[in-house]
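In what follows, chains are A, B, ... by sequence order, proteins preceding strands, each numbered from 1.
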Amino acid sequence: MSEPKRKIIPKKHPMPNQEAEVRKNNFDEVALGYNNETAIAEAGRCIQCKNKNCMEGCPVDIDIPGFIKKIAEGDFEGAIKIIKEKNYLPAICGRVCPQESQCEKFCTIGKKNEPVAIGRLERFLADWELSQGVKMPQPALSNKKKVAIVGSGPSGLTCAAILATLGYGVTVLEALHVPGGVLVYGIPEFRLPKSIVAHEIDNISKLGVEIKCNYVVGKLSTIDELLDNDYDAVYVGTGAGLPTFMDLPGENLNGIYSANEFLTRNNLMKAYRFPEYLTPIRVGKRVAVIGGGNVAMDAARTALRLGAESHIIYRRSMEEMPARAEEIEHAHEEGVIFNLLTSPIEFKGDAESRVYSMVCQRYELGEPDESGRRKPVVIKGSEFEMQVDTVVMAIGQGPNPLVQQTTPDLKTNKWGNIVADDEGRTSKPGVFAGGDIVTGAATVILAMGAGKKAANAIHHYLQNQQ
Amino acid sequence: MYKIIEREVLAPKIKLFKVKAPELARKAHPGQFIILRIDEKGERIPLTIADFDAQKGTITIIFQEVGRTTDLLGQMNVGDFILDFVGPLGSASEIENFGTVVCVGGGVGVAPVYPIARALHEAGNKVISIIGARSKDMLIWENEMKKISSELYVATDDGTAGTRGFVTNVLEELLAKERVDRVVAIGPVVMMHAVAAVVPKNLPLIVSLNTIMVDGTGMCGACRLEAAGETFFACVDGPEFDGHVVNWDLILQRSKMFVEEEAIALRAVIEGGCKCQSQNGR
């Protein structure tokens, strides 16, 4: 006799969040996470279909139905073990992965209902494990060969963890004073608490990975020097940290920040706790964030929490906005004001060169452009002036140039990204690269996927050496 | 953690530290800078390297106590550790035999000019140095500069040492009588701006710009400035620039970006911080 057919619960179990009215005044994490009961109930929504379509959408090949099954059975330890076979940073991925365009996009249940909340379940498990105290395996240093990893962002950390597990001596070289890359300087505390990032990185250190901060590759050592002296291979995961400006009149006035500067001051340097922390930030009464991506949402929501009226200025419409739906929704709930089909053309400053207003023009949508999105077309005579105290330019980041500038035989493309194949091999023997430095600004999980592939390629390369 | 192994008071509120940083000392070149952070709650500040010793593994920094962070730094002693000390950042000075080079250092700016002047001297240049300060007691490294200069001129605002007046007065006189191939000037923005006004446009003028910075590796853009109408980042495109084409007004205004916050940070110490200081009448 077959089991009676279970009734499908059409919607995900909602994520408990801090109320918008409360959270817009603090930097604490917005999403609070499932408890054990909700996690088990949500895991019960998975029908354990044969096709496992969800796995198609996972850049690091996690056995998703496998870990969900374990949760449904209440075996959290078994469940996290399955994730950790493929992903060393689950507490981070569970929070910042765009699941709606990855695993959850392909979920069978999701065809007619809301997909299983795979991301929330992953986060639940990672948090559960952190609360239990993580037991990391202690891989033996079975290999005399050493690998240097340049950059401690998601791709570098993943590559480091895998190589350490394979028995290599691994050193991660980080330019800033704490490891984590964009996870610590870019993504705000309210979306990804820094204590969580520190925990995950600590776990990677426990695998035997050495992390050296305050080490700027390209200045303290070049790639060639790393290869000549201590290391048999190098992985470059230096990311996309070069800010982009629009080259508009008045753009260098005081009060106009790159998103990188604005976020770094707040996230890495904790300027929101000035003067307890000594790095200052000033936002004034009204902040305009130019751009419509996740970084723009992060900046706009940060500005709000610093007490300002916060505006998004975006030249296309809501539909074309590249930020995750969840981020836009959160920003909206908290009171960020969206000025769509609008873009600045000039900034005006006072006698002290401090920005006080921004001249904008309006757009309408025309034919689709090469990105497939409808192209914004200027409406003639639509210029208007908007008073602002602070402007944040969040219109994308370019590749960090230091490694490329000091490694002449490393091939780059016309944007300055390092050229690498699917496995991370560059034009220079022994040098591998992946993540944003190769692809241009993308997601944490894609960077991790690239770090993983490169780790395997490095393993292969080192085994075949000699 | 980077240990302070030597500390010297050069002038009121101007101090010299030698900091143990062997890897950095091996790689440092004249013209480059470091970024330091004193402790967990500290800010990152850039300081130009005043000297380096690869053998002893030390970097020398000289700083003036002008704000909260430099005040705190000034209270540190030999044996204390600076939490973060990163570099060498920025591009090295262009050193070759240009002929006759005038090196101008104003105030604490004498410190970063020193290794450049020394390197120019070692490269065979005739180095003429002009150093200045408000008064005699604020003048630093006169002897060091003397050793590597063919001629050394001193100017003080109040005339307590050398010529009474500004370094620019001395520079103008010198340029009128001597054939000079290059000028290097480091000091307060106002001084460098004044130097730019007296150096003829056909005489190369190099200035070093110590702007506000956060990461110092090209990621934040806090240090941006305009030269010949284009935007540059002081941290990676500099810190040295052609003094004839930088937009001095913008540099001065951008340096004042956080004056109010700097005052708040200083006040926070006096009100909430260490009581012993106020009892000592400081």
Side-chain angles (χ1 to χ4, degrees), chain A residues 174-178 185-186 212-222 225 238-245 247 251-265 268-271 273-282 349-354 393 397-398 400-402 405, chain B residues 2 21 23-24 26-28 32 34-45 67-69 72 83-90 212 214-226 230-231 233 236 247 249-250 252-254 256-262 264-269 272:
Chain A
E174 166 57 47
L176 291 172
H177 55 257
V178 281
Y185 75 75
K212 281 191 185 175
C213 288
N214 296 323
Y215 199 108
V216 184
V217 173
K219 293 290 177 188
L220 211 48
S221 285
T222 61
E225 287 166 334
T238 43
L242 191 74
T244 312
F245 290 93
D247 209 11
E251 206 172 1
N252 292 329
L253 289 165
N254 285 345
I256 303 182
Y257 301 90
S258 72
N260 259 1
E261 181 185 357
F262 189 74
L263 291 171
T264 301
R265 282 181 181 275
L268 178 72
M269 305 309 298
K270 297 198 172 11
R273 289 170 68 179
F274 176 87
E276 183 198 353
Y277 283 77
L278 286 180
T279 303
I281 187 88
R282 188 194 303 181
D350 61 17
E352 282 159 356
S353 294
R354 174 163 289 279
M393 308 302 291
Q397 291 94 235
N400 281 327
L402 275 182
Q405 282 168 1
Chain B
Y2 303 81
E23 284 181 292
L24 222 158
R26 264 202 301 277
K27 284 294 196 161
Q32 291 187 298
I34 57 97
I35 281 192
L36 64 80
R37 189 176 71 131
I38 295 174
D39 57 27
E40 273 308 321
K41 292 182 177 177
E43 61 182 329
R44 293 169 65 98
I45 62 157
R68 177 78 166 110
T69 297
L72 285 172
L83 183 58
D84 300 300
F85 199 82
V86 60
L89 300 171
I212 294 174
V214 185
D215 66 285
T217 61
M219 286 177 61
C220 81
C223 64
R224 60 197 196 274
L225 57 101
E226 289 171 11
E230 249 188 280
T231 296
F233 288 0
V236 287
N247 178 344
D249 292 334
L250 185 75
L252 190 62
Q253 298 288 18
R254 284 191 69 84
K256 295 177 184 165
M257 178 122 163
F258 292 109
V259 271
E260 287 166 41
E261 286 74 14
E262 283 159 16
I264 292 169
L266 275 175
R267 227 170 23 242
V269 195

Requested in this report: Among L253(A), V216(A), L220(A), single out the residue with the greatest number of heavy-atom pairs under 4.5 Å to chain B.
Outcome: L220(A)
Query raised in the report: Picking from G398(A), P280(A), A175(A), which has the most non-hydrogen pairs under 4.5 angstrom with chain B?
Result: P280(A)
Report task. Decide yes or no for L278(A) and T69(B): does some side-chain heavy atom of the first lie under 4.5 Å from some side-chain heavy atom of the second? Result -> yes
Report summary line: Of V214(B), L225(B), D215(B), the largest count of non-hydrogen pairs under 4.5 angstrom with chain A goes to V214(B)
Requested in this report: Output, in order, the C-alpha distance, side-chain angles, deciding distance and verdict of side chain to side chain donor-acceptor pair (under 3.5 Å) for S258(A) and N260(A).
Outcome: CA-CA 5 Å; S258(A) 72; N260(A) 259 1; 5.4 Å; no
Query - Value rounded to 0.5 Å, distance of NZ in K256(B) from CD in E262(B) - result: 11.5 Å
**Report entry** Interface residue of largest heavy-atom contact number with chain B, from T264(A), L176(A), L242(A), D247(A), under 4.5 Å
**Finding:** L176(A)
Report summary line: Under 4.5 Å to a heavy atom of chain A? For R224(B) that would be side chain
Report task. Check side chain to side chain contact (heavy atoms under 4.5 Å, CB included) between E226(B) and all other residues, then give those that pass, not counting sequence neighbours. Result -> N252(A), T231(B), N247(B), L250(B)
Report task. Can you tell which part of Q397(A) gets under 4.5 Å to a heavy atom of chain B, answering side chain, backbone, both or neither? Result -> neither
**Report entry** chain B contact via K270(A) - which portion, at a heavy-atom distance below 4.5 Å
**Finding:** neither
Query raised in the report: When only pairs under 4.5 Å are counted, which of P243(A), A240(A), S353(A) shares the most heavy-atom pairs with chain B?
Result: P243(A)
**Report entry** Side chain / backbone / both / neither for R26(B) at chain A, heavy atoms under 4.5 Å
**Finding:** neither
Report summary line: Applying a strict 4.5 Å limit to non-hydrogen atoms, the region of F85(B) in contact with chain A is backbone
Report summary line: Rounded to the nearest 0.5 angstrom, the OG1-CD distance for T279(A) and E261(B) is 11.5 Å
Report summary line: NZ of K27(B) to OG1 of T222(A), rounded to nearest 0.5 Å, is 5.5 Å
Query - Heavy-atom side-chain proximity of E40(B) to L83(B) below 4.5 angstrom - result: yes
Requested in this report: Look at atom CD of E225(A) and say whether more than 12 heavy atoms of other residues, nucleotides or ligands are closer to it than 6.0 Å.
Outcome: yes
**Report entry** Part of P275(A) within contact of chain B (heavy atom distance under 4.5 Å)
**Finding:** side chain
Query raised in the report: When rounded to the nearest 0.5 angstrom, what is the spacing between CD1 in I45(B) and CD1 in I38(B)?
Result: 6.5 Å
Report summary line: Cut-off 4.5 Å, heavy atoms of chain A, and the answer for L36(B) is neither
Query raised in the report: For chain A, which of Q32(B), M219(B), E230(B), E43(B) has the most heavy-atom pairs under 4.5 Å?
Result: M219(B)
Report task. Counting only heavy atoms closer than 4.5 Å, note whether K41(B) contacts chain A via side chain, backbone, both or neither. Result -> both
**Report entry** Heavy-atom pair count under 4.5 Å with chain A, highest-scoring of G67(B), G221(B), G216(B), G90(B)
**Finding:** G90(B)
Query raised in the report: Nearest 0.5 Å, what's the CD-SG distance between E174(A) and C213(A)?
Result: 6.0 Å
Report task. Heavy-atom pairs under 4.5 Å with chain B are the metric here; pick the option from Y257(A), F262(A), F274(A) that has the most. Result -> F274(A)
**Report entry** Under 4.5 Å from a heavy atom of chain B, the part of R273(A) involved
**Finding:** neither
Requested in this report: For residues R37(B) and V86(B), determine if any side-chain heavy atom of one lies less than 4.5 Å from a side-chain heavy atom of the other.
Outcome: no
Query raised in the report: By a 4.5 Å heavy-atom criterion (distance strictly below it), what part of E260(B) contacts chain A: side chain, backbone, both, or neither?
Result: both
